[in-house]
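Keep in mind that this is a model prediction, so the values were computed, not measured.
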Amino acid sequence: MSLGGKRVLVVEDEMLLALDLEEGLRDAGCEVIGPAGSVRSALRLAQNSDIDVAILDVNLAGERVFPVAQVLSERGIPFVFATAYAGSDELYPAEVRDVPRLAKPYTVGQAVETLDRMVGTPG
């Protein structure tokens, strides 16, 4: 697994899911940044933290996470959207429609596998 030692930003407003995800990522050898449960706190972390990859819940207490996605894109940091709206392209701004989506509900194992594929080094 190539996630070992990676710094992963977790943006998720459902606390139980965020804690499960944090535990699973730590078990995979990651350093977890966050979790952030609001756009404001996620923006602060996205702008000021050393991050290798991120998982972003699209809907944070009614706010869309797209400003955070923009910061990560500008910094060249790969990310995946975690969302119940995985198939709704019209919800996503054009510049992030090609970003991978992890459909909710997902398992922590699926999240770890997805992030691992994103940062993995080719065989």
Side-chain angles (χ1 to χ4, degrees):
M1 183 166 286
S2 55
L3 273 182
K6 299 295 184 187
R7 296 168 304 271
V8 181
L9 173 62
V10 174
V11 178
E12 174 59 63
D13 65 344
E14 292 179 42
M15 192 50 66
L16 288 178
L17 180 54
L19 292 173
D20 282 348
L21 193 53
E22 181 177 15
E23 181 180 352
L25 288 167
R26 288 190 196 281
D27 288 347
C30 298
E31 177 185 336
V32 176
I33 310 298
S38 69
V39 170
R40 182 178 176 173
S41 62
L43 275 171
R44 188 170 41 253
L45 290 172
Q47 292 165 337
N48 300 311
S49 301
D50 193 10
I51 302 165
D52 294 305
V53 66
I55 182 167
L56 308 178
D57 181 7
V58 170
N59 184 359
L60 298 170
E63 282 188 276
R64 299 289 188 239
V65 77
F66 302 127
V68 179
Q70 181 178 353
V71 168
L72 294 174
S73 292
E74 289 169 358
R75 293 187 61 197
I77 299 168
F79 58 92
V80 61
F81 288 122
T83 178
Y85 315 103
S88 303
D89 280 347
E90 64 277 356
L91 172 74
Y92 298 86
E95 58 273 10
V96 294
R97 284 197 184 132
D98 292 336
V99 170
R101 299 177 198 165
L102 189 59
K104 283 186 172 182
Y106 61 86
T107 66
V108 172
Q110 289 170 318
V112 169
E113 287 175 18
T114 299
L115 293 170
D116 186 54
R117 281 194 307 271
M118 293 176 72
V119 299
T121 51

Looking at every non-hydrogen atom in both residues, tell me the closest pair between [X] and [Y] and how far apart they are.
X	Y	value
G24	V108	CA-CG1, 3.6 Å
V112	A28	CG1-CB, 4.1 Å
V71	Q47	CG1-CG, 3.8 Å
D13	A61	OD2-N, 2.7 Å
M118	P100	CE-CG, 4.3 Å
A42	V68	CB-CG2, 3.6 Å

Would a distance-only check, ignoring hydrogens and angles, find a side-chain to backbone donor-acceptor pair under 3.5 Å from [X] to [Y]?
X	Y	answer
R64	N59	no
E63	L60	no
D116	L3	yes
R101	A82	no
E12	E14	yes
D57	V11	no
S41	S38	yes

Audit row: L115, V80, side-chain contact (heavy atoms from CB on, under 4.5 Å) steps and yes/no: CA-CA 8 Å; L115 293 170; V80 61; 3.7 Å; yes
side-chain contact (heavy atoms from CB on, under 4.5 Å) between I55 and F79, intermediate numbers included: CA-CA 6 Å; I55 182 167; F79 58 92; over 6 Å; no
Within 6.0 Å of CZ in R75, more than 12 heavy atoms from elsewhere: yes
CG/D98: more than 12 non-hydrogen atoms of other groups inside 6.0 Å: no
Value rounded to 0.5 Å, distance of CG in L72 from CG in L9: 6.0 Å
From SG (C30) to CG (D52), nearest 0.5 Å: 9.0 Å
Heavy-atom side-chain contact between L56 and F66 under 4.5 Å: no
L19 side chain reached by M15 side chain, heavy atoms, under 4.5 Å: yes
Residue from I33, L21, L25, I51 passing side-chain contact (heavy atoms from CB on, under 4.5 Å) with V8: L25
Parallel, tilted or perpendicular: rings of F81 and Y92 (30°, 60°): tilted
side-chain contact (heavy atoms from CB on, under 4.5 Å) assessment of E22 paired with V10: CA-CA 8 Å; E22 181 177 15; V10 174; 5.7 Å; no
